[in-house]
Amino acid sequence: MSKPKRAPGGFPVVGVVGGGQLARMMQGPAVELGVQLSVLAESDTAAAALVVPSSPVGEHTDLETVLEFARHCDVVTFDHEHVPPAVLEALEADGVAIHPTRAALNFAQDKLAMRERLTALGIACPRWSRATTAQEVTAFGDEVGWPIVAKTPRGGYDGKGVAVASSADDLTEWIARIGEPGPLEGGLLLEEKVDFVRELAVLIARSPSGQAAAWPVVETVQTDGICTEVLAPAPALDADLASVVTEAALRIAGELDVTGVLAVELFEVRPGKGGAAAYVVNELAMRPHNSGHWSMDGAVTGQFEQHLRAVLDLPLGDPRPRAPWTVMANVLGGDFEHLYPAYRHIMARDPGAKVHVYGKGVRPGRKIGHVNVSGADLGDARERAGHAADYLRGVITE
């Protein structure tokens, strides 16, 4: 395996396991910080491998490959949460500094472990249960009310591994797999179907020395389980609720000893009679996150720079927004394989739009880029970002 070239002056090498778009978007901030990236990529055409000179090819599940890769890095972090626990354990046993740590990452990898820990901490969550039989599914649904949400504890993302069930029969296939090695080993996570007002997210960065910084709470808009738009900050958000959810996210980061960026995805729920606006935590992600892409152009310190600062235990940057509003619109794959002509058109039509493409092949529904637009008018920013994303997708042609 090739070794990354080291820059003069004693600057460190940050290893990233996984060559997706999150690793790719760390490269620009790494250059600006003066640190070197090395990426363990799935292939030599992976999104990050196209822009990071040191991108050896290897599988994140191969213990010896990951260990050899890590030995040439000063610290190792992750593009995704799918590195097997046994590999993480071996890295720590080999003396590799990994951020987040194996203990922390477990709560992002295993939704049942996450629910148990957050409940023990008194963090607001949907009512939930572990189920291993159809009878337990039926009992939970009868208790909280149908329909319910079922999730595979491991491996789900962007709506995958999630089902809405009106009866235990809807989950027959999943239940049949419980007990087999795989994502359902240990049971199925059941949750009440939350009647929420909207979806929110809080991004926190925390360093090994315990310094933490929080970006403004944002609103996320989902389409078919995929985030398609982020509004930063969340419009008309109750100030007390913003404070409460930010405090909860900071507490989660501290109690779970998270290092790097932590995304806490939330549901804003209707207040009880005479009560204040409330929330429940939906998911955790311990890495840069889709809900934080707006910060690349809309905050003094974007999430990718902040993640690198955090995992290196550098002083954290200022997370404050640069403009009253920033809107991020995801670009999903559509009918047009060649993006460059549309990319040029968007640049000419709206010089203020910041277009980020991921170097990935176009496939319907696949995240292939995003557009950030900042400004003083939320409606204008939404229209411009949405137009650019739709044009890249081929939904509109003017």
Undergrad: Of the non-hydrogen atoms in Ala90 and Leu67, which two are nearest, and what is the gap between them?
TA: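 Distance-wise, the nearest heavy atoms are O-CD2, 3.8 Å.
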Undergrad: Taking Leu105's backbone N and O only, do any of them form a donor-acceptor pair with Glu81's side chain (distance below 3.5 Å, no angle check)?
TA: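 Such a contact is absent between Glu81 side chain and Leu105 backbone.
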Undergrad: Any link between Leu88 and Val66 through a network of hydrophobic side chains (Ile, Leu, Val, Met, Phe, Trp, Tyr) touching at under 4.5 Å?
TA: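 Yes; Val66 is reachable from Leu88 via cluster members.
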Undergrad: Could you check if a side-chain atom of Leu22 sits within less than 4.5 angstrom of a side-chain atom of Val16, using non-hydrogen atoms only?
TA: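 No, every pair of side-chain atoms sits at 4.5 Å or beyond.
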Undergrad: How close do Asn330 and Tyr358 get, heavy atom to heavy atom, and via which atoms?
TA: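 Shortest heavy-atom separation between Asn330 and Tyr358 comes out as OD1-OH, 4.3 Å.
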Undergrad: Give the C-alpha distance, both sets of side-chain angles, the deciding distance and a yes or no for side-chain hydrogen bond (donor to acceptor under 3.5 Å, both in side chains) between Thr77 and His307.
TA: CA-CA 9 Å; Thr77 188; His307 185 72; 2.8 Å; yes
Undergrad: What I'd like to find out is whether the side chain of Trp128 reaches to under 4.5 Å of the side chain of Leu112, using heavy atoms alone.
TA: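 Sidechains of Leu112 and Trp128: in contact.
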Undergrad: Between Glu191 and Arg115, is the closest basic N to carboxylate O distance under 4.0 Å?
TA: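 Salt bridge present between Arg115 and Glu191.
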Undergrad: In the single-linkage hydrophobic clustering (I, L, V, M, F, W, Y; side-chain heavy atoms under 4.5 Å), do Leu266 and Val261 co-cluster?
TA: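 Cluster IDs for Leu266 and Val261 differ.
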Undergrad: Using atom types as modelled and distance alone, determine if a side-chain donor or acceptor of Ser43 lies under 3.5 Å from a backbone N or O of Ala46.
TA: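 Pair found, side chain donor or acceptor close to backbone of Ala46.
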Undergrad: Between Phe107 and Ile252, is any pair of side-chain heavy atoms under 4.5 Å apart?
TA: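 No, their side chains stay 4.5 Å or more apart.
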Undergrad: For the pair Thr246 (side chain) and Ser243 (backbone), establish whether a donor and an acceptor sit closer than 3.5 Å, ignoring hydrogens and angles.
TA: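 Not at all, since once roles are kept as given, no pair shorter than 3.5 Å links the two residues.
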Undergrad: Would one find more than 12 heavy atoms of other residues, nucleotides or ligands at under 6.0 Å from atom NZ of Lys360?
TA: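 For Lys360, atom NZ is crowded (more than 12 foreign heavy atoms under 6.0 Å).
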Undergrad: Apply side-chain contact (heavy atoms from CB on, under 4.5 Å) to Leu332 and Thr223, showing your working.
TA: CA-CA 11 Å; Leu332 304 180; Thr223 306; over 6 Å; no
Undergrad: State plainly whether the residues Asp257 and Arg206 are in salt-bridge range, i.e. N to O under 4.0 Å.
TA: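 Salt bridge between Asp257 and Arg206, a charged N being under 4.0 Å from a carboxylate O: yes.
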Undergrad: Determine whether Val331 and Val355 satisfy the following criterion, side-chain contact (heavy atoms from CB on, under 4.5 Å), listing intermediate values before the conclusion.
TA: CA-CA 9 Å; Val331 179; Val355 183; 5.9 Å; no
Undergrad: I'd like to know if the side chain of Glu42 and the backbone of Gly19 have a donor-acceptor N/O pair within less than 3.5 Å.
TA: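 Flag set: sc Glu42 to bb Gly19 pair under 3.5 Å.
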Undergrad: Rounded to the nearest 0.5 Å, what's the gap from CH2 on Trp294 to CG on Leu203? Could you check?
TA: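 One gets 9.0 Å once the value is rounded to the nearest 0.5 Å.
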Undergrad: Could you tell me whether a side-chain N or O of Gln222 sits under 3.5 Å from a main-chain N or O of Cys227, the two making a donor and an acceptor?
TA: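 Pair found, side chain donor or acceptor close to backbone of Cys227.
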Undergrad: Taking 4.0 angstrom as the limit, do Glu283 and Lys151 come out as a salt bridge?
TA: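 Looking at Lys151 together with Glu283, the answer is yes, because their closest N to O distance falls below 4.0 Å.
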Undergrad: Do the side chains of Val75 and Phe78 join up, straight or via other hydrophobic residues, at under 4.5 Å, putting them in one cluster?
TA: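 Different clusters.
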Undergrad: Let's go through Asp313 and Ser209 carefully: what are the C-alpha distance in whole Å and the side-chain angles of both, what is the deciding distance for side-chain hydrogen bond (donor to acceptor under 3.5 Å, both in side chains) to 0.1 Å, and is it a yes or a no?
TA: CA-CA 7 Å; Asp313 211 9; Ser209 60; 2.9 Å; yes
Undergrad: Please check if atom CZ in Phe196 has more than 12 non-hydrogen atoms from other residues, nucleotides or ligands closer than 6.0 Å.
TA: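 Yes - once you tally the heavy atoms of other residues, nucleotides and ligands closer than 6.0 Å, there are more than 12.
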Undergrad: Could you walk me through whether Leu200 and Glu219 pass side-chain contact (heavy atoms from CB on, under 4.5 Å), step by step?
TA: CA-CA 4 Å; Leu200 304 172; Glu219 178 177 345; 4.3 Å; yes
Undergrad: Decide yes or no for Met328 and Asn290: does some side-chain heavy atom of the first lie under 4.5 Å from some side-chain heavy atom of the second?
TA: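 They are in side-chain contact.
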Undergrad: Check whether more than 12 heavy atoms from other residues, nucleotides or ligands sit under 6.0 Å from atom CZ of Arg320, and answer yes or no.
TA: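 Result for CZ/Arg320: open.
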Undergrad: Decide, yes or no, whether a salt bridge links Arg384 with Asp350 under the criterion of side-chain N to carboxylate O below 4.0 Å.
TA: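 Yes, Arg384 and Asp350 are salt-bridged.
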Undergrad: Where is the tightest heavy-atom contact between Pro319 and Trp215, given as atom of each residue plus distance?
TA: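 Shortest heavy-atom separation between Pro319 and Trp215 comes out as O-CD1, 3.2 Å.
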Undergrad: Evaluate the side-chain proximity of Glu136 to Ser129: yes if any heavy-atom separation is below 4.5 Å, no if none is.
TA: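 Result no, sub-4.5 Å side-chain heavy-atom pair not found.
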Undergrad: Say whether, by atom type as modelled, one donor and one acceptor occur between the side chain of Ser207 and the main chain of Gln211 under 3.5 angstrom.
TA: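 Yes; at least one donor-acceptor contact below 3.5 Å.
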Undergrad: Do other residues, nucleotides or ligands put more than 12 heavy atoms under 6.0 Å from Glu247 CD?
TA: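 Open.
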Undergrad: Is it true that a side-chain atom of Asp390 and a backbone atom of Ile396 form a donor plus acceptor pair closer than 3.5 Å?
TA: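 Between the backbone of Ile396 and the side chain of Asp390 there is no qualifying donor-acceptor contact (under 3.5 Å).
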Undergrad: Treating Ile, Leu, Val, Met, Phe, Trp and Tyr as nodes and any side-chain heavy-atom pair under 4.5 angstrom as an edge, say whether Val373 and Tyr391 lie in one connected cluster.
TA: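 Yes, Val373 and Tyr391 fall within the same hydrophobic cluster.
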Undergrad: Less than 4.5 Å apart, side chain to side chain, heavy atoms only: is that true for His356 and Gln21?
TA: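 Heavy-atom side-chain distance check fails, nothing below 4.5 Å.
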Undergrad: His293 and Phe304: ring pair (Phe, Tyr, Trp, His ring centres under 6.0 Å), yes or no, with the steps?
TA: CA-CA 9 Å; His293 288 350; Phe304 296 99; 5.8 Å; yes
Undergrad: Checking Gln303 side chain against Pro288 main chain: does a donor-acceptor pair fall under 3.5 Å?
TA: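 No, because the side chain of Gln303 does not come within donor-acceptor range (under 3.5 Å) of the backbone of Pro288.
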Undergrad: Minimum heavy-atom separation for Thr138 and Ala168, please, with both atom names.
TA: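 Smallest interatomic distance, heavy atoms only, reads OG1-CB, 3.5 Å.
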Undergrad: Quick check: does any side chain N or O of Asp94 sit under 3.5 Å from a backbone N or O of Val96, one acting as donor and the other as acceptor?
TA: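 Looks like no, no N/O pair under 3.5 Å.
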Undergrad: Can you find a pair of side-chain heavy atoms, one from Gln109 and one from Pro85, that are under 4.5 Å apart?
TA: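 Yes, their side chains come closer than 4.5 Å.
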Undergrad: Under the 3.5 angstrom rule, does the side chain of Thr326 hit a backbone N or O of Ala232 as a donor-acceptor pair?
TA: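 No, Thr326 side chain to Ala232 backbone: no donor-acceptor pair under 3.5 Å.
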Undergrad: Indicate the atoms forming the closest heavy-atom contact of Val57 with Asp44, along with that distance.
TA: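 Looks like CG2-N, 3.6 Å.
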Undergrad: Within a radius of less than 6.0 Å around CZ of Arg6, do more than 12 heavy atoms belonging to other residues, nucleotides or ligands occur?
TA: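 Counting neighbours around CZ of Arg6, more than 12 heavy atoms of other residues, nucleotides or ligands fall under 6.0 Å, so yes.
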Undergrad: Do Leu171 and Leu189 sit in the same hydrophobic cluster, where Ile, Leu, Val, Met, Phe, Trp and Tyr count as joined when their side-chain heavy atoms come under 4.5 Å apart?
TA: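 Different hydrophobic clusters.
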Undergrad: Taking all atoms of both residues into account, what is the closest heavy-atom pair of Thr220 and Ala201, and its distance?
TA: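 What the structure gives for the nearest pair is CG2-CB, 4.1 Å.
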Undergrad: Measuring only between side-chain heavy atoms, which start at C-beta, is Arg309 closer than 4.5 Å to Leu33?
TA: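 Side-chain contact under 4.5 Å: yes.
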Undergrad: Assign the ring pair His80 / His60 to parallel, tilted or perpendicular, where the plane angle (0 to 90°) is split at 30° and 60°.
TA: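 Aromatic pair His80/His60 classed perpendicular.
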